[in-house]
Each structure stands twice: as structure tokens, then as C-alpha cells.
Number of protein chains: 2
Amino acid sequence: MVDTTADSDLLDLRKGRPAAGQDPVKRAQIIEGARRVFIDKGFEAASMNDITREAGVSKGTIYVYFENKEELFEALIEEERGTIFKNMYEVLDHFEDLRKTLVKFGTGLSIKITSAKVIQAQRTVVGAADRIPELGARFYERGPKRGHDRVMVFLDEAVARGLLKIDDVDLAAYQFTELCLAGLFRQCIFSYRTKAPTQAEIEKIVTSGVDVFLKAYGTEKFFAEERASASA
Amino acid sequence: MVDTTADSDLLDLRKGRPAAGQDPVKRAQIIEGARRVFIDKGFEAASMNDITREAGVSKGTIYVYFENKEELFEALIEEERGTIFKNMYEVLDHFEDLRKTLVKFGTGLSIKITSAKVIQAQRTVVGAADRIPELGARFYERGPKRGHDRVMVFLDEAVARGLLKIDDVDLAAYQFTELCLAGLFRQCIFSYRTKAPTQAEIEKIVTSGVDVFLKAYGTEKFFAEERASASA
DNA sequence: AGGAAATCGAACCGAGCGGTTCGAAATATT
DNA sequence: AATATTTCGAACCGCTCGGTTCGATTTCCT
């Protein structure tokens, strides 16, 4: 009889049945159930029994995969964060028309952040951040913060091309983001808005926001180029 | 013997002992205890027994003054909202120097909203809004919304004086507010920042925000006047 | 087919919850 | 001092929670 367990201590190459608490499919299944429950009830109100039911997995199994409720929530947020901010920064990769790029990126950002699903997730994190500050911090750091950094890189590039004149790029990046949201985030997270803003609404806000931003930071060169390409 | 109870049905002029659940002092005492507990534990995690202890009031008494946990929380938020936004709009009442007024108002707003106490209160509301959306909506409506309306009136006046040129005042008011916060709100509410921003930090942000705002919406007249008064 | 192991499922634990009850104690009016 | 009523305080209710346990069952490898 071959001792597979001994081997797995060196190389986990077993193709067969996963060890207890190691099956990625089951893990995903649990997280999927947890997502539904946590997001629509909040951290405190969500019960492990609810998750058990929603995930179609026994309670004992959940506790094989996750130490406790808090760790399960963390794992969920980790995943959620990944999907929220995925593919959001691609539009910044190819530098063409500055205004168009800003509008396109701002629109994508605004739609994502104010979508019902994402707002609910953020509400849950904020609510939990009351008692587990590190969790909120981690979410911000690996989510919004990364976006902010990516925007800074983009603005730096625009400055280097002489299209923008910015003293404090860090601050300007924040200003840009906020201009693209212009009240939406607050309204959504306080559930003053019960529905996500319409596409038209967002486009109006972002267009105006980019306009403000460019009026403040656009160089003569930028406006000259824009006039030139408009008349072309 | 005078029947005071009968009179009180018409006119509650009794100076004596308040009716059950009517003593404003006791009520305030309960709310004060509730504030401490709710704000540092969040709605779900706060227990009525905690509040009992913190308020130095028996549980039965609390339930004489408030129907249930939720109503007590509402009453607290109602009060809190009142104190948060008190005296914040006075600076907009006397129209003198536009830029200075905007900076002064923006600074006050930013300090208030990002103060540890207010952030915690907002986090609690956001967390609760997950399960009681009307509560969050009411908070926003009677708090931030009123501020927004007040800013709109101010901007309207500036437009009327020919100092600003704004197509969409509603949107511009949002933009102004967001420029004054520039990332602070998000950082604070996710507890990425554990401490409130410094005065210097806020002043830098607000000064820059007002600058952006005026570059975008200031009229020739405004800049001419500013140049004139600068050289004077 | 046989056997090791992961999962199930349901009962169970102690704790704490929101909310109620009720006689004792405190307080103000007469 | 006597009376009326608010408040106290502690026990209690039914319930749900996060988390554990353990035998029965399923799954997959050999």
C-alpha cells in the first residue's frame, strides 16, 4: 500500500480527491452561499445556519474550510474585491485621446461602484469595519487604493506629455475620482437612492466632472490639440 | 381634590412629576447611554443590556420611553443628525468674498464629516441601512441633503451676481462638496484612516478643491475682481 | 469490490439576545 | 404623613446564535 499522505508533505501533486478543506470547488460553493447571505443581511445578522442552507453544505464542512464566521467573511470580501475591480483599469492602458479616456474610465468606475451589488458589499464592509477596522482597511487598500494609484500613474503620464499641469498628482487623482461620482456614492451607501443610477445620469455626471477637471488642470497644449482635432 | 389627569388631556401644563415615559431628562439620559453603545458597537452588536448599564437606567424604564431597539436607535440618530449639521451653514449667510467663503465653508464641512465621532455615527447608519433602508434614507435626507440644498442656494446667488457661470447648479453643488472631501470620506468610513485628518491636511485639500471649482465655474468678472482686490 | 476519507446532518452546548413581568423601592404631590 | 405613580432590578421567556460533536453516508482511489 502506497502512503500518499507522506508524499503530499513534500509535493502536493495528488490528482485525486482533495484533502479535507482543500477542494476548491466546495470552497467556492461555500463562498457563493456566504456571498448571498452576507450581502443581503450584513455581517452580524447573517447566521452560519443561513449560509449552510444557502450553500447546500453541512455546517461541519464549512468549519473545515474556514476557522470561523469572521474568516469566512474575509475570504468572501477578498474574492469580491477581486471581481469588482477587475478589468476596470484596462481603459487607462492605451493612451489616446485624454478627454475620451477620462470619460470612459470615469464612467466605468462610476457604474461599478454604484451598482446595487457592489454598494451592498461596500455597506456590509463599512458596517463590519465598525468592529473589525483592519477588514475595512484591507478592503480599501487593495481595492479603491489600487485604483487611485493606477489613476495617478495615468495622470503622471498626461503631465509628462504636457497635457496636464498638476502640482499634487495624488490630490488631483482623488479629485478626479470624486468628480466622477459627485454625490452618487453617498446617496447610494445611505440608501437614499434605492436603485443604481442610470447610464444617462452617470454619463452626464462624468462628462461634467471631466470637464471641470480639465478646465482646472488642462494645459494650453491640451486645449490647442483638442481644438485642432475638433476642426479636423 | 383636583383631578390633574383630566386636565392634562386638554392642556399638559403640570409642572410636577412627568408622566411615565415623559421625563425629558431621563429620556436624554437613555439616549446618551444608547449613543455610547450604538456608536462603538454598531446597531446589531449593541445590546439593550449594554445600554441599560451605560445609561444607568433600568431596562423596564427604557421600554417605557421607547417601543423597541430600533425606535431607540432612530431617536438617537435624529438627535445626532441635529448636532452634526448645526451651525455649519452660517458661514454661507453673509456673502462677502466668494473664494474665502467657499474655503471657510468647505473646511468646516470637511472637518465635521471626517471627525471620528461623526464618522462612527455614519458607519453605524450605513451598517444599519443594510437592513433598514428608510433609516439611512432619512438620515441622508435631513442631513447631507439639506446641506446640499443650502449650497445650491449659495451658488445660485453667486451666479446671480455674475461671479459663477454654472449650467447645472445641482450637479455643481455635489462637485463642490466632493472636491472638499477628495477621498477623505471614503478613507475614513472604511477605516483606512483610523484618525481624523489634520487641520493642515484639510486646508490643503479644500484650498485646492475650491481652486479647481473656481477655475471651472468662475467668470471673467470674478477673476477680474479677485485680481483687483489682490493688487489693492 | 473493498476500504479510507471527506462530507453530511442533526442534535447539542452555553451564551446572549430582545423583550416582559412584577413586587420592592424611590420620589413627588397632597 | 399618606398617597399615587414612576422607576428599579432581577428573574424569566422563547429564541437564535456561533461553534462542536459524532455516527451515518457518500465519494473516490486502489
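Chain letters run A, B, ... following the sequence lines, proteins first and then strands; every chain starts at 1. Quantities reported herein were computed from a predicted structural model and do not represent experimental measurements.
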Please tabulate, for side-chain N and O atoms in residues 146-155 of chain A, each donor-acceptor pair with protein atoms closer than 3.5 Å (sequence neighbours left out).
residue: A:H148; atom: NE2; partner: A:D170; partner atom: OD1; Å: 2.7
residue: A:R150; atom: NH2; partner: A:L92; partner atom: O; Å: 3.2
residue: A:R150; atom: NH2; partner: A:D93; partner atom: OD1; Å: 2.8

*Specify the separation, in whole Å, of atom CZ of A:R53 and atom P of C:dG9.*
13 Å

*Would you call B:T114 and B:F185 a side-chain contact if the rule is heavy atoms closer than 4.5 Å?*
no

*asked:* Quick check on DNA chain D: between A:S47 and A:G60, whose nearest nucleotide comes earlier from the 5' end?
replied: A:S47

*Are OP1 or OP2 of C:dA6 and a side-chain N or O of A:Y65 less than 4.0 angstrom apart?*
no

*Geometric class of the A:F176/A:F105 ring pair [parallel <30°, tilted 30-60°, perpendicular >60°]*: parallel

*Write down the distance between NZ (B:K69) and P (C:dG16), rounded to a whole number of angstrom.*
15 Å

*May I ask you to verify if any side-chain N or O of A:K26 is less than 4.0 angstrom from the OP1 or OP2 atom of D:dT26?*
no

_Distance to the ring centre below 6.0 angstrom and angle to the axis at most 45 degrees; does that hold for B:R186 and A:Y140?_
no

*Would you call the rings of A:F43 and A:F38 parallel, tilted or perpendicular, where under 30° means parallel and over 60° means perpendicular?*
parallel

*Look at A:R138 together with A:E74 and state whether they make a salt bridge at an N to O cut-off of under 4.0 Å.*
yes

*Separation of B:Y63 atom OH from C:dG18 atom P, in whole Å?*
6 Å

*To the nearest Å, how far apart are B:N49 CG and C:dG18 C1'?*
8 Å

*Between the base of D:dG19 and the side chain of A:K59, is there any donor-acceptor pair under 3.5 Å?*
yes

*What's the CZ-P distance between A:R27 and C:dT7, to the nearest Å?*
13 Å

*Regarding B:S208 and A:Q175, is there a side-chain donor-to-acceptor distance under 3.5 Å anywhere?*
yes

*Using atom CD1 of B:I62 as one end and atom P of C:dT20 as the other, report the distance to the nearest whole Å.*
13 Å

*Using a heavy-atom distance cut-off of less than 4.0 Å, which residues of residues 33-44 of chain A contact DNA chain D?*
none

*Is B:A46 touching bases, backbone alone, or none of the nucleic acid, heavy atoms closer than 4.0 Å?*
sugar-phosphate

*asked:* Any side-chain N or O of A:S58 below 4.0 angstrom from OP1/OP2 of C:dG9?
replied: no

_Integer-rounded Å distance: D:dG19 P and A:E67 CD_ = 9 Å

*Protein-nucleotide distance (A:M48, atom CE; C:dC8, atom P), rounded to Å*: 14 Å

